[in-house]
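Attaching a single structure in structure tokens format; questions to follow.
Per chain, numbering begins at 1; letters A, B, ... match sequence-line order.
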Amino acid sequence: MAKTESPQSPQSASTLDEIRATRLDKVKQLQEAGLNPFAYRWDVTDHAADLQAKYADLAPGEEVEAEVAIAGRILARRVFGKLAFFTLQDETGTIQLYLDKKVIGQTMTDQPDAFTHLKQLTDVGDLLGVKGTLKRTDKGELSVKVQDYAVLTKALLPLPDKWHGLTDVAKRYRQRYVDLIVNPPVRETFRKRALITSAIRRYFEDRGFLEIETPVLQGEAGGAEARPFITHHNSLDMQLYLRIATELHLKRLIVGGFERVFEIGRIFRNEGISTRHNPEFTSIEFYQAYADYHDFMALTEDLIASIAQSVLGTTEITYQGTPIDLTPPWRRVSMHDLVKEHTGLDFHQFESLEQAKGAVAALGIANGDGCDSLGRLLNEVFEQQVETTLIQPTFLIDHPVEISPLSKPHRSQPGVVERFELFIAGRETANGFSELTDPIDQRQRFEAQAARKAAGDLEAQGVDEDFLTALEYGMPPTCGEGIGIDRLVMLLTDSASIRDVIAFPLLKPDRAEEGMES
RNA sequence: GGGUCGCUAGCUCAGUGGUAGAGCAUUCGGCUUUUAACCGACUGGUCCUGGGUUCGAAUCCCAGGCGACCCA
């Protein structure tokens with residue numbers, strides 16, 4: 001097309017390329033006027049939301065003398081001949097700019113074309129710095145009556161429709177920066193996420209826990225059942241894994257004498273993507289010497305209730321339309337009892353795996369084909385029949401030993417361990433247990449895992465010999481727990497998808513690979 | 001992995017076999033109290049990609065891509 005041959009002064013612009021060319025031309029015009037369309041700084045003394053709150057009582061038509069200086073992005077322009085109203089958005093909110101040619105002409109004497117530039121060379125999307133006084137217009141809108149302004153950054157690309165915004169979900173995730181500009185609730189979600197993470201960190205620091213960072217790159221990926229990402233270190237020429245948990249290293253620190261440690265960090269699991277799963281996600285794991293799983297259930301109730309209270313101001317929340325009461329105490333019920341309650345099956349009474357499989361098959365409630373033990377079958381039935389029904393916060397406790405290779409055996413019940421999983425809104429949100437400290441038992445558990453791995457279970461762990469050595473030096477009785485920060489943030493921000501609480505979730509490339517034939 | 005739905009202008013969406021549409025944005029003109037400003041004029045398209053059927057495909061068929069939801 002020969003249409004774009006005259007970029008100097010496009011007569012009209014509609015396609016993205018044409019809009020961009022028009023704006024580049026405005027950049028040039030600003031530069032020719034001696035102005036920098038990509039400025040260095042602005043003295044920001046005020047923010048929109050603060051001003052809105054502080055002057056909430058200012059009556060229509062009233063003005064105040066105090067000078068304010070703010071900066072932000074132009075979200076809307078309403079331009080008249082010698083008067084203009086812009087809506088400016090900063091991190092806190094929006095405020096209207098009252099741009100009067102007369103006022104600007106009197107104060108910006110060194111820029112005789114200042115008002116004309118405002119009308120002709122600024123666009124929705126540009127970043128603007130302004131100084132002025134405050135007035136509430138006759139129509140009741142608090143406004144900065146601008147005396148001085150500068151284009152701080154000229155935007156070359158247009159923002160989405162001011163009314164309908166950006167709704168294309170894929171585009172929202174791929175271009176989160178645009179999503180954040182035009183969808184204020186998205187900013188609020190990430191603001192809350194930061195508050196939640198900060199509150200969690202403060203909670204543990206206030207109780208004497210030390211945050212100690214452990215390796216992401218590991219020779220053996222342990223501490224959970226999950227497929228790891230594999231990478232390679234060139235100069236050592238060795239295969240490394242990205243961590244699937246922080247557990248085994250934090251427990252080494254407990255062996256080393258720290259009594260309370262935690263780590264908030266990124267975990268990587270090479271598994272599917274869904275509304276509840278992202279390949280990299282954030283967990284907090286924390287460990288306390290001389291404590292057991294009863295202590296940590298109490299701690300968890302208090303932690304999550306106090307986070308909700310401090311961030312949301314309440315412990316009674318609504319998640320996707322369902323009321324959820326986070327007020328402690330929460331129900332504690334064993335996996336055996338809960339499965340019995342929902343299905344009538346009493347796994348304590350089965351004498352063989354075959355008998356149990358027969359009973360499960362007779363009810364037609366779960367596919368236990370892949371289960372090689374009573375404990376795994378019990379877990380399978382739980383996951384298929386019970387898990388999603390646990391809406392109100394519930395501690396599922398005393399899991400089968402077969403699915404809990406790092407937990408201490410129950411002090412009075414054979415076959416189960418001292419473990420709890422917290423379910424809220426049908427989702428596992430936390431997992432903790434009295435830590436297995438017996439190195440002989442731990443070796444047997446690892447070897448059982450290794451055998452599964454050898455048999456083709458890609459989620460099974462290998463034997464971590466160095467961790468066993470650490471245990472042989474002696475680990476104090478300890479309780480440990482991990483909480484999925486993303487899922488907790490989903491719950492507290494009423495977000496349906498984990499992608500709504502991860503700023504830059506992993507996405508498939510949005511174009512087909514064209515390099516296949518080359 | 002299976003099923004359903006979606007993909008058309010920068011954005012939000014109509015268009016179900018016969019000339020590719022609207023609103024907003026953009027561009028131009030007007031306007032000193034607007035706030036989805038208004039009034040007038042204009043501009044803007046690989047209809048996700050590739051193949052097929054047809055005189056003719058955004059539309060029907062096949063394959064693929066990306067996404068949403070549901071199921072496993």
Side-chain angles (χ1 to χ4, degrees), chain A residues 1 3-4 6-26 52 60-63 74-89 94-105 115 118-126 135-146 155-175 178-179 181-183 271-276 320 365-367 369-370 380 383-385 387-388 496-497 499-500 505-517:
Chain A
M1 298 286 227
K3 275 183 174 175
T4 53
S6 57
Q8 289 284 7
S9 56
Q11 290 307 300
S12 71
S14 271
T15 69
L16 194 54
D17 283 344
E18 288 167 342
I19 290 169
R20 191 165 169 278
T22 303
R23 294 199 177 192
L24 277 169
D25 188 58
K26 292 176 180 175
Q52 297 282 11
E62 263 192 83
E63 301 191 27
I74 302 172
L75 278 196
R77 303 166 79 242
R78 296 175 289 279
V79 179
F80 299 80
K82 295 169 184 166
L83 181 70
F85 300 92
F86 286 9
T87 302
L88 198 74
Q89 172 175 269
T94 60
I95 191 165
Q96 178 168 272
L97 305 183
Y98 177 93
L99 302 151
D100 185 327
K101 182 175 184 180
K102 206 169 160 186
V103 173
I104 288 171
F115 188 78
L118 215 42
K119 281 175 66 176
Q120 297 186 344
L121 302 183
T122 68
D123 290 287
V124 169
D126 291 352
K135 72 174 282 185
R136 190 173 291 281
T137 62
D138 296 340
K139 298 286 168 61
E141 189 74 30
L142 185 68
S143 309
V144 178
K145 186 174 175 185
V146 175
L156 301 184
L157 295 172
L159 290 179
D161 188 288
K162 65 185 173 191
W163 185 241
H164 298 97
L166 183 67
T167 61
D168 184 288
V169 179
K171 191 161 288 184
R172 284 185 45 225
Y173 296 145
R174 287 184 202 285
Q175 295 192 292
V178 178
D179 190 26
I181 291 168
V182 301
N183 294 322
E271 295 169 350
I273 296 174
S274 76
T275 51
R276 290 172 294 280
Q320 303 293 296
I365 53 173
N367 182 356
D369 292 349
E380 188 69 22
E383 287 183 356
Q384 293 190 24
Q385 290 296 312
E387 180 166 354
T388 56
S497 169
R499 288 177 165 185
D500 293 328
L506 186 68
L507 301 168
K508 288 189 194 175
D510 64 346
R511 288 186 184 283
E513 295 300 327
E514 62 257 29
M516 292 302 287
E517 70 273 14

- Item | Separation between the C1' atoms of rC42(B) and rU26(B), rounded to whole Å |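 Approximately 11 Å lies between the C1' atom of rC42(B) and that of rU26(B).
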- Query: Relative to the 5' end of RNA chain B, which residue comes earlier, D138(A) or A76(A), by the nucleotide with the nearest heavy atom?
  - Reply: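 Here D138(A) is the residue nearer the 5' end.
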- Message: In whole Å, I'd like the distance from the CD1 atom of I273(A) to the P atom of rA68(B).
- Response: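 After rounding, the gap between these two atoms is 10 Å.
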- Item | Watson-Crick or G-U wobble partner of rC55(B), both distances under 3.5 Å |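 Answer to the pairing question: rG18(B), which forms a Watson-Crick or G-U pair with rC55(B).
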- Close side-chain approach of L118(A) and V79(A), heavy atoms under 4.5 Å: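 Of all side-chain heavy-atom pairs linking V79(A) with L118(A), none is under 4.5 Å.
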- Task: Identify the nucleotide, in any strand shown, that forms a Watson-Crick or G-U wobble pair with rU33(B), with both distances under 3.5 Å; if there is none, say none.
- Result: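 rU33(B) is unpaired by these criteria.
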- Query: For atom C1', what is the distance between rC13(B) and rC70(B), given to the nearest Å?
  - Reply: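 After rounding to an integer number of Å, I get 25 Å for this pair.
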- Complement of rG6(B), any strand, by Watson-Crick or G-U distances under 3.5 angstrom: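 Base partner found: rC66(B).
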- Rounded interatomic separation in angstrom, taking NZ from K508(A) and C1' from rG65(B):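 Interatomic distance, NZ of K508(A) to C1' of rG65(B): 9 Å.
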- Integer angstrom distance from the C1' of rA41(B) to that of rC47(B):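 After rounding to an integer number of Å, I get 27 Å for this pair.
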- Please state how far atom CG in D17(A) lies from atom C1' in rU46(B), giving the value in whole angstrom units.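 The distance from CG of D17(A) to C1' of rU46(B) comes to 13 Å, rounded to the nearest Å.
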- Can you tell me if the side-chain N/O atoms of R172(A) get under 4.0 Å from OP1 or OP2 in rG67(B)?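 No.
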- Y98(A) or L507(A): which one's nearest nucleotide on RNA chain B is closer to the 5' end?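 The residue whose closest nucleotide sits nearer the 5' end is Y98(A).
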- Message: Can you give me the closest heavy-atom contact between L83(A) and D100(A), atom names plus distance?
- Response: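 Shortest heavy-atom contact: CD1-CA, 4.0 Å.
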- Would you check if the side chain of K119(A) reaches a backbone N or O of G81(A) as a donor-acceptor pair within less than 3.5 Å?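 A pair under 3.5 Å: yes.
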- Within the structure shown, what part of the strands sits under 4.0 Å from R23(A) by heavy-atom distance: base, sugar-phosphate, or nothing?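 The answer is nothing, as R23(A) stays clear of every strand by at least 4.0 Å.
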- Looking at side-chain heavy atoms only, is the closest gap between Q89(A) and I181(A) below 4.5 Å?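 Side-chain contact under 4.5 Å: yes.
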- Task: Sticking with atom P, work out how far rA72(B) lies from rA36(B), rounded to a whole angstrom.
- Result: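 My reading of the P atoms in rA72(B) and rA36(B) gives 46 Å.
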- What distance, rounded to whole Å, do you find between the two P atoms, one in rG18(B) and one in rC60(B)?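 Straight-line distance between the two P atoms is 11 Å.
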- Considering residues, nucleotides and ligands other than R78(A), do more than 12 of their heavy atoms fall under 6.0 Å from its CZ?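 Result for CZ/R78(A): enclosed.
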- Task: Using atom NZ of K101(A) as one end and atom P of rC31(B) as the other, report the distance to the nearest whole Å.
- Result: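 About 10 Å, once rounded to whole Å.
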- CZ of R276(A) versus C1' of rC71(B): gap in Å, rounded?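 Value for this atom pair: 11 Å.
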- Query: How many angstroms lie between NZ in K102(A) and CZ in F115(A), if you round to the nearest 0.5 Å?
  - Reply: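 One finds 13.0 Å between NZ of K102(A) and CZ of F115(A).
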- Give none if rG40(B) has no partner; otherwise give the nucleotide forming a Watson-Crick or G-U wobble pair with it, both distances under 3.5 Å.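 Base-paired to rC28(B).
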Distances under 3.5 Å between protein N/O atoms and the N/O atoms of nucleotides 7-11 of chain B, please, pair by pair.
{"residue": "rG10(B)", "atom": "N7", "partner": "S14(A)", "partner atom": "O", "Å": "3.4"}
{"residue": "rC11(B)", "atom": "OP1", "partner": "K171(A)", "partner atom": "NZ", "Å": "2.4"}
{"residue": "rC11(B)", "atom": "O2'", "partner": "D161(A)", "partner atom": "N", "Å": "3.1"}
{"residue": "rC11(B)", "atom": "O2'", "partner": "G165(A)", "partner atom": "O", "Å": "2.7"}
{"residue": "rC11(B)", "atom": "O2", "partner": "D161(A)", "partner atom": "OD2", "Å": "3.0"}

- Item | Euclidean distance, atom OH of residue Y173(A) to atom P of rA68(B) [Å, nearest integer] |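 Rounded to whole Å, this separation is 6 Å.
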- P atom, rG44(B) versus rA9(B): distance in rounded Å?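 Per the computed distance, 15 Å lies between those P atoms.
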- Query: With sugar-phosphate meaning primed atoms plus P, OP1 and OP2, does V79(A) contact a base, only sugar-phosphate, or nothing at under 4.0 Å between heavy atoms?
  - Reply: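 Base contact.
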- Residue-phosphate contact under 4.0 Å: R174(A) side-chain N/O, rG67(B) OP1/OP2: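 So the side-chain polar atoms of R174(A) do come within 4.0 Å of the phosphate oxygens OP1 or OP2 of rG67(B), strictly under.
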- Message: Would you measure the distance from the C1' atom in rG15(B) across to the matching atom in rU59(B) and give it in whole Å?
- Response: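 After rounding to an integer number of Å, I get 9 Å for this pair.
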- Query: Would a distance-only check, ignoring hydrogens and angles, find a side-chain to backbone donor-acceptor pair under 3.5 Å from R23(A) to D123(A)?
  - Reply: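 No; zero donor-acceptor contacts below 3.5 Å.
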- Report which part of the nucleic acid T87(A) touches: base, sugar-phosphate, or nothing (heavy-atom distance under 4.0 Å, all strands).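 Contact class for T87(A): none.
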- Item | Gap between atoms CG and C1', on L142(A) and rU33(B) respectively (whole Å) |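 Whole-Å distance recorded here is 15 Å.
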- Output yes when a side-chain donor or acceptor of Q52(A) lies under 3.5 Å from a complementary backbone atom of T94(A), and no otherwise.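 Here the side-chain-to-backbone pair exists.
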- Remember a base hit wins even if backbone is also touched, and classify K135(A) as base, sugar-phosphate or nothing at under 4.0 Å, heavy atoms.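 It contacts base atoms.
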- When you compare rC31(B) with rG67(B), how far apart are their C1' atoms, in angstrom units rounded to a whole number?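 So the two C1' atoms sit 45 Å from each other.
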- Item | Interatomic distance where CZ belongs to F86(A) and P belongs to rA25(B) [whole Å] |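 In whole Å, rA25(B) P and F86(A) CZ are 14 Å from each other.
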- Is there a side-chain contact between L166(A) and K171(A), using heavy atoms and a 4.5 Å cut-off?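 Touching, per the 4.5 Å side-chain cut-off.
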